[in-house]
Every structure is written in C-alpha cells, then in structure tokens.
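Start at 1 and go down the list; that is how both ligands and their atoms are numbered.
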Amino acid sequence: MSLYRDRGVVLRTYKLGEADRIVVLLTPGRGKVRAVAKGVRRTKSRMGGRLEPLSHVELLMYEGRELDIVSQAELVELWRPLHEDLSRLAQGLAMAEAAEQVAQEREPSGALYRMLVGALKALVEQPGPLVVASFYWKLLSLDGAGPLLDACAHCGGEPPGTALVAFDISEGGALCRDCRRGSAVSPAALELIGWILGGRLAKVLQLPASSMTGEVAHLATISLEQHLERRLRALHALEA
Ligand SMILES: [Zn+2]
C-alpha cells in the first residue's frame with residue numbers, strides 16, 4: 001500500500017467495530033477522504049483525541065481501495081473555543097456537513113479546504129452572525145451556483161428601472177416584481193451578499209446582528225438546501 005501525507009479537517013466520525021473509528025476528512029490534495037483510524041476508541045489511544053470532528057490535522061495515511069488508513073495524525077489546530085461553546089460547535093459542524101456534501105472523493109479540493117479552515121478560524125477568532133452564512137454563499141459560488149445579484153435572473157431587468165424584490169437560487173438569484181418567486185429580499189440584503197462574494201468578507205464578518213444579517217443568513221440556508229437537493233436529485237438521475 002502506498003503512503004501519503006496531507007492535511008485535513010475532520011468532517012465527521014463514526015464507530016467501526018469495537019475500537020476503531022471511520023473518519024471523513026477534507027484534504028486539499030485528495031478532496032474528501034474516508035479513512036479508518038485503528039484502535040482510537042481505546043482509552044490509551046493518543047491519536048483518538050486528535051481525530052474529533054472539526055480537528056485540523058497533519059496526516060500520514062496509507063491509501064486503500066475503499067478506505068484509507070490513518071497511520072499518524074498530528075494536530076495543527078483543535079479549535080478549542082469551538083468545543084467550549086455549544087452554539088459555535090453547532091455552527092462549525094453545520095459548515096463541515098455542508099462541505100462534506102459538496103466535496104468530491106479523490107479530487108483535489110484546495111479551494112474548499114482553505115474556505116473551511118478560514119471559516120473555522122473566523123468562528124474561533126471573531127464569531128459574528130454571518131460566519132456560517134458567508135461560508136454557505138461562498139460554497140454555492142464554488143459549486144457553480146453563485147447567484148446573480150444586480151439584475152433579474154429571469155428577465156435581465158436591472159435597477160433602477162427594475163426593482164429586485166425576490167430571490168430564488170434555483171432561478172439563478174435575484175428576481176424582479178414581474179418574475180418574483182421564492183423569498184422576498186431587501187436591496188440591503190442583496191448588497192450584503194454581494195460583499196460576501198465580492199471580496200469584502202472581512203467587513204461583513206464584523207457586522208453586528210441585525211434584521212439584515214438575519215435575512216442574509218436565512219436566505220443562505222434555504223439556498224444551500226435547495227441547491228444540495230437539486231444536486232442530489234441530478235446525481236440520482238445520473239445513477240438510475
Ligand atoms: Zn424579471
């Protein structure tokens with residue numbers, strides 16, 4: 001079996017047999033990796049504590065046919081504050097779950113990996129109301145579903161002649177009064193989503209909670225859910 005090194009974020013773990021655990025990792029070099037960590041559920045295991053969900057680890061792995069095998073795991077970051085705060089832990093796990101659904105197996109995923117590490121770091125260092133939502137919007141964009149924000153995604157009408165009043169990710173983004181469906185949206189929320197996707201993320205992460213951040217967060221969640229459902233259906237159709 002061939003040996004390789006990579007970094008990874010633990011997205012999820014589950015039990016295998018008496019003492020082993022399967023870990024699902026997001027790595028820059030190989031995308032989503034499913035690997036067996038042997039003996040880690042024994043109390044003496046030092047590696048076990050390093051392979052908790054959200055841990056950022058440096059790995060030495062054996063490549064397997066179905067599952068790889070973790071030979072060594074060294075912590076890069078444990079993100080301790082996340083484990084001391086249930087709300088932040090839940091936000092971190094929500095991002096890991098979304099990343100898992102978008103990541104491909106055995107395909108380099110440097111951009112997705114950097115996005116997730118950056119988002120976890122933001123959650124630790126400056127946990128504002130839009131960390132998770134910003135991650136979701138960027139994930140949509142990375143997955144080819146970045147929304148149109150400055151014109152109607154259906155008829156192409158642009159402000160100021162056309163008011164954009166609604167949003168539906170499956171239509172492609174913002175919608176005018178005539179084409180509206182999906183959710184109502186304010187011009188301020190559209191502008192904020194534009195900041196997230198247009199390189200002004202640092203500024204967005206500093207915003208205090210308001211009805212506008214609530215609107216952007218709510219839209220992010222329903223948009224990502226819609227996108228992932230469509231993706232899942234497309235995948236099933238392909239397999240059928
Ligand atoms: Zn329209």
**Message:** Evaluate Arg181 against Glu171 for salt bridge (charged side-chain N to carboxylate O under 4.0 Å, His left out), listing each step before the verdict.
**Reply:** CA-CA 9 Å; Arg181 48 170 292 178; Glu171 286 287 328; 3.2 Å; yes
**Request:** Could you walk me through whether Glu215 and Ser186 pass side chain to side chain donor-acceptor pair (under 3.5 Å), step by step?
**Result:** CA-CA 8 Å; Glu215 191 183 349; Ser186 68; 2.8 Å; yes
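The cationic atom of Lys121 (NZ for Lys, CZ for Arg) does not lie both less than 6.0 Å from the six-membered ring centre of Trp79 and within 45° of the ring axis. Both tests do not hold together for Arg7 against Tyr113: distance to the six-membered ring centre under 6.0 Å, angle to the ring axis within 45°.
A donor-acceptor pair is defined here as one N or O able to donate and one able to accept, closer than 3.5 Å; no such pair exists between the side chain of Ser223 and the backbone of Ala220. Judged purely by atom type and a 3.5 angstrom limit, Arg50 has no side-chain atom pairing as donor or acceptor with the backbone of Glu74.
Excluding waters, the protein N/O/S atoms found under 2.8 Å from the Zn ion (ligand 1) are Cys152 SG, Cys155 SG, Cys176 SG, Cys179 SG.
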